[in-house]
Amino acid sequence: MEYDGAGQAGSVLGRLLGERADLRPRARDLKSLVEAEVAAANELATNSGVEAVREALAATNPEALERQKQVKRTGLKELPNATEGEVILRFAPNPNGPLTIGHARGVSINSEYARMYSGKVVLRFDDTDTRVKTPLPEAYDWIETEYEWLAGRPADIIIRASERMPIYLEYATKMLEGGFGYVCRCSAADFKALRDASQACPCRPRSVEANLADWSAMNDGSISEGEAVVRVKTDLDLPNPALRDWPALRIQHTPHPMVGDAYKVWPLLDFQSAIEDHLQGVTHIVRGKDLMDSTRKQTLLYEHFGWTYPEPLYWGRVKVHEFGGFSTSGMRAAIADGDYSGWDDARLPTLSALRRRGFDSQALREFWLDLGLTQKDISISMQTIESFNSSVIDSRCERRSFVREPLSLSLDASGVGGAPESVAIARHPHGDIAGVREWVLGPEILIETADAGIGSLRLKDLADVNIDAGAARASVEAWDRMDKRPIIHWLPTEMGRPARLSRPEGDEICIESGILEDVDLEEGAIIQLERVGFARIDSIPTDGLVELLYLHG
RNA sequence: GCUCGUGUGGUGUAGUUCGGUCCAUCAUGACGGACUCUCGAUCCGUCGACCCGGGUUCAAAUCCCGGCACGAGCACCA
């Protein structure tokens with residue numbers, strides 16, 4: 001029936017066996033039986049019409065008329081080995097700048113898992129590099145705020161690695177004392193050559209005492225940068241050369257912006273993160289798959305300490321079409337050069353920029369949760385995020401008229417008479433927001449120059465008009481809507497004030513000037529400009545231009 | 001090169017653990033239509049995918065083998 005008399009015996013058999021596992025051993029016998037039945041049904045459908053089959057079915061087996069479709073699983077996949085109430089996750093950004101749209105994935109997923117299992121999220125600042133990715137002191141607070149904005153609640157535990165240095169150094173000492181770590185004085189290049197050949201470096205077999213002596217020399221500053229590094233001993237025959245005797249701590253004499261020059265030796269991510277995850281009792285680590293080797297290195301360290309490694313999960317690389325590649329350090333340099341006005345410059349993919357433009361945290365969060373957690377490298381489009389955002393904000397954005405490149409016309413109602421003194425237009429078309437905007441009608445109106453060429457138009461909520469050839473007069477043909485002519489937005493001249501709309505276009509900011517409806521404008525509000533799109537009111541000076549920041553269509 | 005990972009419509013995702021109820025889910029997009037006094041919203045419809053080749057099986061997106069493509073790591077960055 002479903003296939004118009006062209007049913008396939010094979011798929012019928014498939015369904016049957018799927019439901020009746022007990023019949024599977026007799027599949028071969030069944031096949032001929034099913035073929036005969038399907039042929040009969042097809043014949044009935046062909047000869048007597050599909051309706052006959054429907055009737056026959058309704059009489060014998062009515063529930064078969066309903067076809068069930070598969071449904072999409074919603075929400076995040078279950079966390080492996082998770083116990084309700086005992087899940088601890090972590091989100092560990094480098095505070096060398098504020099959060100970007102990519103970080104939003106980490107915040108959304110970690111906080112959502114914590115919510116699902118009544119667990120906790122540790123917000124940890126991995127700020128143990130004083131030179132290459134120097135921490136930005138302001139960024140700590142920014143990130144805490146941005147985390148809370150996106151997650152809907154603050155992080156449960158907040159930690160700064162730089163404040164916990166004594167602990168890491170102590171564990172490094174334990175490692176040396178335990179003989180599963182050593183101080184290596186080889187140059188990076190020499191070590192790499194030995195490592196790639198699965199050869200031990202000369203420093204490896206030295207005694208614990210010799211290592212501890214070098215260790216204190218590293219810490220008191222008498223060994224200079226690059227002259228020594230602490231390594232974790234591993235099997236040198238590991239198939240992956242990257243894991244062999246990996247570096248755990250190195251010397252950095254550059255002062256740390258938060259703790260100054262108190263330390264000469266700083267742990268690398270793999271060491272610091274491993275120790276801290278254990279101390280915080282982290283049960284699940286969600287990280288980028290570029291950190292898979294990190295998991296393997298850290299697991300080797302956990303084996304030395306006799307600890308159990310958390311459950312790791314990974315996501316793939318994310319690219320945003322509209323932004324291409326970006327890095328926090330790259331943005332930091334560009335801002336310093338004056339290419340951008342700041343971290344919240346509308347062209348930047350930072351959370352502060354998106355927030356300023358009017359993206360809703362809930363929409364961002366829903367977007368990332370909808371993508372879920374997969375290891376595929378993906379390329380997403382802002383369009384999709386914008387669509388999530390529209391559905392969240394539409395019902396709470398009032399409408400306003402913004403006439404770009406305004407053209408002044410006299411409104412001539414002499415043909416029909418009965419011109420109203422004012423019009424009342426809903427603040428929101430479905431009444432999601434109550435109330436109206438009152439427009440006092442004068443002798444002149446403004447329309448967009450681009451609309452003037454059409455000739456026969458409907459001024460939204462007012463009248464069907466004809467624009468004369470000189471584009472100077474709009475003659476009212478009727479107040480009520482008479483036909484399907486295009487509807488345009490407009491404005492009585494005295495109801496508006498000058499404004500300009502900034503719209504990020506790739507690396508440029510394009511500016512459109514016009515006249516904005518001057519009714520209850522509120523700084524910071526997100527409004528929908530009719531026929532233009534959503535925008536945020538950035539500033540309303542006492543006199544001068546109102547600044548509008550474009551959000552999306 | 002070595003090591004690891006990933007391949008489902010244009011994009012993103014569900015289904016893959018344990019083959020069958022999958023002529024493959026949902027969202028976004030594109031196209032068409034309805035409705036609405038916005039190019040917004042809503043509603044309806046259409047389009048469009050299991051990387052390739054073998055194998056196992058009554059039956060493969062799912063299992064096996066072999067390719068190919070893409071990505072990442074191989075930093076004294078995170």
Side-chain angles (χ1 to χ4, degrees), chain A residues 2-3 8-11 13-21 24 26-31 34 67-74 92-94 96 126-129 131-133 184 187-188 191-192 195-196 225-231 238-244 247-252 266 268-270 272-273 288-294 296 314 316-317 321 328-329 367 370-372 374-381 383-388 390-391 394-395 397 399 401 425-426 428-430 432 458-462 464 480-481 486-489 528-534 553:
Chain A
E2 199 177 321
Y3 306 114
Q8 297 286 316
S11 50
L13 183 68
R15 286 198 193 188
L16 193 59
L17 292 179
E19 282 168 26
R20 294 284 302 275
R24 282 181 202 168
R26 304 185 54 202
R28 251 175 241 273
D29 303 338
L30 261 179
K31 194 180 182 193
V34 168
R67 185 187 176 188
Q68 68 242 44
K69 263 187 157 181
Q70 59 178 312
V71 286
K72 182 177 175 175
R73 193 206 74 233
T74 51
N94 182 328
N96 61 339
D126 280 347
D127 56 349
T128 58
D129 177 16
R131 205 182 54 224
V132 184
K133 290 186 178 168
C184 173
S187 73
F191 180 84
K192 182 174 165 30
R195 183 197 69 184
D196 289 347
E225 286 191 28
E227 297 294 308
V229 57
V230 175
R231 297 186 181 283
L238 251 21
N240 187 348
L243 310 184
R244 297 173 195 157
L249 301 100
R250 81 317 207 178
I251 300 171
Q252 285 198 333
W266 289 85
L268 287 149
L269 169 88
D270 290 317
Q272 176 272 130
S273 172
K289 68 174 182 177
D290 51 316
L291 259 31
M292 278 182 163
D293 283 350
S294 226
R296 296 178 187 110
Y314 306 96
R317 203 106 181 127
H321 289 145
T328 304
S329 29
F367 168 77
D370 185 64
L371 290 200
T374 68
Q375 292 192 30
K376 270 205 318 203
D377 299 316
I378 57 173
S379 188
I380 57 167
S381 158
Q383 253 189 17
T384 312
I385 301 182
E386 289 166 1
S387 153
F388 273 80
S390 295
S391 61
D394 180 83
S395 65
C397 290
R399 272 42 173 182
S401 189
I425 303 168
H428 188 282
H430 312 305
D432 292 3
R458 168 100 189 148
L459 301 178
K460 185 174 175 296
D461 296 308
L462 184 72
D464 286 354
D480 289 326
R481 181 149 193 174
I487 298 168
I488 62 160
H489 66 295
Q528 192 197 92
L529 304 174
E530 279 169 346
R531 294 177 69 224
V532 178
F534 292 97

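Note on naming: letters A, B, ... go to the chains in the order of the sequence lines (proteins, then strands), and numbering restarts at 1 for each one.
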5'-most by nearest nucleotide on RNA chain B - A:Leu268 or A:Arg244 = A:Arg244
Are the side chain of A:Arg244 and the backbone N or O of A:Arg195 linked by a donor-acceptor pair below 3.5 Å?
-> yes
Give the rounded distance in Å between these two atoms: CZ of A:Arg317 and P of B:A72.
-> 6 Å
Please give the nucleotide sitting opposite B:A14 as a Watson-Crick or G-U wobble pair, both distances under 3.5 Å, or none.
-> none
When both distances are under 3.5 Å in a Watson-Crick or G-U wobble arrangement, the nucleotide paired with B:C58 is B:G20
Would you mind reporting whether A:Ile425 and A:Lys460 have side-chain heavy atoms less than 4.5 Å apart?
-> yes
Contact list (N/O, under 3.5 angstrom) for nucleotides 12-17 of chain B vs protein:
unit_1 : atom_1 : unit_2   : atom_2 : d
B:G12  : OP1    : A:Ser379 : N      : 3.1
B:G12  : N2     : A:Lys72  : NZ     : 3.4
B:U13  : OP1    : A:Thr374 : OG1    : 2.9
B:U13  : OP2    : A:Lys376 : NZ     : 3.2
B:U13  : O2'    : A:Lys72  : NZ     : 2.7
B:A14  : O3'    : A:Arg73  : NH1    : 3.2
B:A14  : O2'    : A:Arg73  : N      : 3.1
B:G15  : OP1    : A:Arg73  : NH1    : 3.0

Is B:G9 paired to anything, Watson-Crick or G-U wobble with both distances less than 3.5 Å, and if yes, which nucleotide?
-> none
Please work out if A:Ser381 contacts a base, only the sugar-phosphate, or nothing of the nucleic acid, heavy-atom cut-off 4.0 Å.
-> nothing
Could you give the CG-to-C1' distance, from A:Asp196 to B:C74, as a whole number of Å?
-> 8 Å
Audit row: A:His428, A:Ser395, side-chain hydrogen bond (donor to acceptor under 3.5 Å, both in side chains) steps and yes/no | CA-CA 8 Å; A:His428 188 282; A:Ser395 65; 5.9 Å; no
Which one is paired to B:C31, where only Watson-Crick or G-U wobble pairs with both distances under 3.5 angstrom count?
-> B:G45
State whether A:Arg458 places a side-chain N or O below 4.0 Å from either non-bridging phosphate oxygen (OP1 or OP2) of B:U36.
-> no
Is there a Watson-Crick or G-U wobble partner for B:C77 with both distances under 3.5 Å, and if so, which one is it?
-> none
Could you tell me whether the phosphate oxygens of B:G73, OP1 or OP2, come under 4.0 Å of any side-chain nitrogen or oxygen in A:Arg296?
-> no
Among B:A72, B:C74, B:A27, the nucleotide that comes nearest once only the side chain of A:Asp290 is considered = B:A72
Using a heavy-atom cut-off of under 4.0 Å over every strand shown, decide if A:Thr128 touches base, sugar-phosphate, or nothing.
-> sugar-phosphate
Applying the 3.5 Å cut-off to both distances, the Watson-Crick or G-U partner of B:C50 turns out to be none
Send over the distance from A:His430 NE2 to B:C35 C1', rounded to a whole Å.
-> 11 Å
Any side-chain heavy atom of A:Leu238 sitting closer than 4.5 Å to one from A:Arg296?
-> no
For A:Arg458 and A:Asp480, what are the C-alpha separation, side-chain angles and deciding distance, and is it a salt bridge (Lys or Arg N to Asp or Glu O under 4.0 Å)?
-> CA-CA 9 Å; A:Arg458 168 100 189 148; A:Asp480 289 326; 5.8 Å; no
Under 4.0 angstrom, heavy atoms only, what part of the nucleic acid is A:Arg399 near: base, sugar-phosphate, or nothing?
-> base
Distance between the C1' atoms of B:A41 and B:A60, in whole angstroms?
-> 44 Å
Any donor-acceptor pair under 3.5 Å between the side chain of A:Lys133 and the base of B:C77?
-> yes
Steps toward side-chain contact (heavy atoms from CB on, under 4.5 Å) verdict (A:Leu459, A:Ile488) | CA-CA 5 Å; A:Leu459 301 178; A:Ile488 62 160; 3.9 Å; yes
On RNA chain B, more 5' by nearest nucleotide between A:Ser187 and A:Lys289 is A:Lys289
Scan every strand shown for a Watson-Crick or G-U wobble partner of B:C37, both distances under 3.5 Å, and answer none if you come up empty.
-> none
Using the P atoms only, state how far B:C65 lies from B:C18, rounded to an integer number of Å.
-> 14 Å
How many Å lie between CZ on A:Phe367 and P on B:A27, as a whole number?
-> 16 Å
Between the base of B:U38 and the side chain of A:Gln528, is there a donor-acceptor distance below 3.5 Å?
-> yes
Measure from CG on A:Asp293 to C1' on B:G71 and round the result to the nearest Å.
-> 14 Å
When the distance from CG of A:Leu291 to C1' of B:C4 is rounded to whole Å, what number comes out?
-> 13 Å
Considering only the C1' atoms, how many Å lie between B:A72 and B:A78, rounded to the nearest integer?
-> 15 Å
Separation of B:A78 P from A:Gln272 CD (nearest whole Å) = 8 Å
Side chain to side chain, A:Asp270 and A:Leu268, heavy atoms closer than 4.5 Å | no
Pick the C1' atom in B:C50 and in B:U8, then give their distance to the nearest Å.
-> 4 Å
Separation of the P atoms in B:C51 and B:A61, to the nearest angstrom | 10 Å
Spacing of A:Glu225 atom CD relative to B:A75 atom P, expressed in whole Å | 19 Å
Across the strands shown, which category fits A:Gln375 at heavy-atom distances under 4.0 angstrom: base, sugar-phosphate, nothing?
-> sugar-phosphate
Have a look at A:Gly316 and say if it touches a base, only the backbone sugar-phosphate, or nothing, with a 4.0 Å heavy-atom cut-off.
-> nothing
Nearest to the side chain of A:Phe388 - B:A75, B:A27, B:A78?
-> B:A27
Backbone N/O of A:Glu386 and side chain of A:Ser390: donor-acceptor pair under 3.5 Å = yes
With sugar-phosphate meaning primed atoms plus P, OP1 and OP2, does A:Pro429 contact a base, only sugar-phosphate, or nothing at under 4.0 Å between heavy atoms?
-> base
Complementary nucleotide for B:C4 - Watson-Crick or wobble, under 3.5 Å | B:G71
Please check the phosphate of B:U38 (OP1 and OP2 only) for any side-chain N or O of A:Ser401 closer than 4.0 Å.
-> no
Please state the P separation for the pair B:G9 and B:G5 - nearest whole angstrom.
-> 22 Å
For the side chain of A:Glu530, counting heavy atoms from C-beta on, which of B:C77, B:C76, B:U38 is nearest?
-> B:U38
Does A:Asp129 come within less than 4.0 Å of A:Arg250, counting only side-chain N to carboxylate O?
-> yes
Answer yes or no: is there a donor N or O on one side and an acceptor on the other, between the side chain of A:Ser391 and the main chain of A:Phe388, under 3.5 Å?
-> yes
What integer number of Å spans the P atoms of B:A30 and B:U11?
-> 15 Å
Indicate, with a heavy-atom threshold strictly under 4.0 Å, whether A:Asn94 touches base, sugar-phosphate, or nothing.
-> sugar-phosphate
Side chain to side chain, A:Asn94 and A:Thr328, heavy atoms closer than 4.5 Å | no
Between B:G55 and B:G10, how far apart are the P atoms? Round to whole Å, please.
-> 28 Å
